[in-house]
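First the structure, in the form of structure tokens, and then the observations on it.
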2 protein chains.
Amino acid sequence: MTSVDEPARPHGNGRTRDAARTRAEILDVATQEFARAGYAGARVDDIAARTSTTKRMIYYYFGGKDQLFTAVLERAYGVIRDAEQQLDVEHLDPVAAIRRLAELTFDHHEQHPDFIRLVSIENIHEAEHIAASEKLGRIGSPALDVIRRILASGQESGLFTAEVDAVDLHAMISSFCFFRVANRHTFGALFGRDLVDPAQRERYRAMLGDMVIAYLTAERATD
Amino acid sequence: MTSVDEPARPHGNGRTRDAARTRAEILDVATQEFARAGYAGARVDDIAARTSTTKRMIYYYFGGKDQLFTAVLERAYGVIRDAEQQLDVEHLDPVAAIRRLAELTFDHHEQHPDFIRLVSIENIHEAEHIAASEKLGRIGSPALDVIRRILASGQESGLFTAEVDAVDLHAMISSFCFFRVANRHTFGALFGRDLVDPAQRERYRAMLGDMVIAYLTAERATD
DNA sequence: TATGACTAACTCACCAGTTCGTACATTAGT
DNA sequence: ACTAATGTACGAACTGGTGAGTTAGTCATA
């Protein structure tokens with residue numbers, strides 16, 4: 001979970017001073033705490049206690065609880081943007097490309113439940129931290145560009161019949177992936193089915209791809 | 001928002017004693033507060049203050065903050081179950097029936113954003129209140145029974161090619177409807193599109209139906 | 001129908017433990 | 001010598017929860 005490379009400590013007992021490392025460690029622990037308990041439920045003291053530094057450093061580096069949460073969000077969104085940038089589907093036909101893209105979202109959401117929880121939490125707070133962040137305002141989405149290209153290519157060739165734009169298709173793909181992870185607990189409790197059961201994973205992954213492709217390529221009534 | 005019939009007050013200054021009304025009023029306000037601020041963010045004192053009764057009554061009737069939230073969830077889930085029970089699609093062909101069902105979910109989610117928020121919050125807490133509730137354990141889902149029947153009928157006639165079961169199809173429908181409302185804020189902030197914009201409503205409603213029907217009726221590779 | 005016993009419903013005041021944030025002192029590294 | 005980085009101690013406001021006492025409505029009975 002830690003994204004910090006811990007350089008060997010020069011002295012036995014105390015750590016060397018290292019702003020970047022301290023900042024990153026706070027961010028790691030804060031991510032876990034906020035994801036675990038929600039914004040209001042997370043305790044600054046608890047975050048500090050689980051760190052090798054003190055609460056004072058949280059205020060020194062981040063200013064306060066709100067800004068700390070914003071920083072946590074910024075990093076979490078950065079991770080998924082980086083993953084999307086790895087995406088290379090130029091060599092695939094539109095159908096395979098869309099499926100690959102959907103699977104990337106599927107995999108990323110599954111592998112980062114903390115990210116999903118943070119997004120849920122931020123929505124409870126009506127995205128006020130995103131609004132307060134300069135970085136997140138212009139983070140963009142590489143996936144969206146990719147979808148745009150695939151969609152244009154598929155629609156041009158007549159393969160894709162649906163008249164969706166990239167943003168809506170992205171919403172469609174995300175909704176399935178997000179729900180599966182975010183609502184795992186209530187869904188499991190109410191319907192007795194674990195949506196994140198590893199044994200079902202491939203089935204859901206295929207279901208997502210089938211769904212999106214079916215939607216894009218369905219025969220439409222000519223109106 | 002109030003679900004209480006307020007009988008005329010016999011005396012001018014004080015209210016008559018009415019356990020059911022007091023309980024219901026607490027529940028109404030608590031629903032709003034929990035939905036607004038999350039479980040930890042909601043304040044028992046604030047809930048009490050927005051009530052015409054006192055904090056002591058919350059503890060008198062519900063026992064504590066946790067049980068109050070559980071009671072709020074129980075009522076919220078009861079509302080959607082009741083809505084699902086109104087559903088009558090026996091006279092429709094499978095395609096129209098599924099679309100109608102999906103639209104019911106779409107409409108209900110849109111009309112009850114507080115419910116969506118409560119479910120998000122309960123998932124942050126890993127459904128521990130549902131687990132603690134006897135009522136919610138056996139609340140069931142009328143929609144699930146309906147889906148089962150439609151699915152059986154559609155698959156039998158060969159109209160539906162997809163091999164899904166009712167629970168998974170329910171998840172698929174819910175995911176789209178849920179995401180649209182739950183993630184409205186982050187999605188809007190990041191992609192500049194309001195998923196709950198009334199002007200876009202019909203488009204999304206149709207998109208959901210098209211998606212589900214396309215998935216169910218798509219031509220599958222014979223393997 | 002007047003009365004008095006009974007209890008559910010309600011009010012008020014208060015507390016013990018938190019919780020975010022900060023003033024102030026100190027130290028490591030350059 | 002200077003400054004960025006860090007540690008300690010503390011407090012004001014809050015927060016969930018409760019102890020103790022009060023009142024409105026009901027009902028059995030004379």
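Computed from heavy atoms alone, side chains included, the values below leave out hydrogens, waters and symmetry copies. All chains are named by letter (A, B, ...) in the order of the sequence lines, taking the proteins before the strands, and each is independently numbered beginning at 1.
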Q: Please check the phosphate of D:dT15 (OP1 and OP2 only) for any side-chain N or O of B:Arg43 closer than 4.0 Å.
A: yes
Is the distance between the ring centroids of A:Tyr77 and A:Phe115 under 6.0 Å?
yes
* Return the orientation label for the A:Tyr204 and A:Phe176 ring planes: parallel under 30°, perpendicular over 60°, tilted otherwise. => tilted
From NZ of A:Lys55 across to P of D:dT8 the rounded distance in Å is 13 Å
Between CZ of A:Arg23 and C1' of D:dA4 the distance, given in whole Å, is 15 Å
> How about B:Phe179 and A:Phe179: are their ring centroids closer than 6.0 Å?
Replying inline: no
Of C:dC20, C:dC10, D:dA4, the nucleotide closest to the side chain of B:Arg17 is C:dC10
So, is A:Thr54 near the phosphate of D:dG7, with a side-chain N or O under 4.0 Å from OP1 or OP2? yes
For B:Thr22 and C:dC10, is the shortest distance between a side-chain N/O and OP1 or OP2 below 4.0 Å? yes
task = Answer with base, sugar-phosphate or nothing: what part of the nucleic acid does B:Ala48 contact at a heavy-atom distance below 4.0 Å?
result = nothing
Considering only heavy side-chain atoms of B:Tyr59, the closest of D:dG16, D:dA5, C:dT22 is D:dG16
note: A:Ile58, atom CD1; C:dT19, atom C1'; distance rounded to Å ~ 13 Å
Heavy atoms under 4.0 Å, any strand shown: does A:Tyr61 hit a base, just sugar-phosphate, or nothing? sugar-phosphate
Quiz item: Do B:Lys65 and D:dG17 have a side chain to base donor-acceptor pair shorter than 3.5 Å?
Solution: no
The side-chain contact (heavy atoms from CB on, under 4.5 Å) partners of B:Gln111 (sequence neighbours excluded) come to B:Asp107
Any N or O donor-acceptor pair under 3.5 Å from the base of D:dG19 to the side chain of B:Arg56? yes
Give a yes/no on whether any side-chain N or O of A:Thr53 is located under 4.0 angstrom from OP1 or OP2 of D:dG7. yes
Between CD1 of A:Ile26 and C1' of C:dC20 the distance, given in whole Å, is 15 Å
note: B:Met57, atom CE; D:dG16, atom P; distance rounded to Å ~ 18 Å
B:Leu68 atom CG is separated from D:dG16 atom C1', nearest whole Å, by 12 Å
Cationic N near anionic O, under 4.0 Å, B:Asp210 to B:Arg99
yes
Whole-Å distance, A:Phe62 CZ to C:dG21 P, equals 14 Å
From CD of B:Gln67 across to C1' of D:dG16 the rounded distance in Å is 12 Å
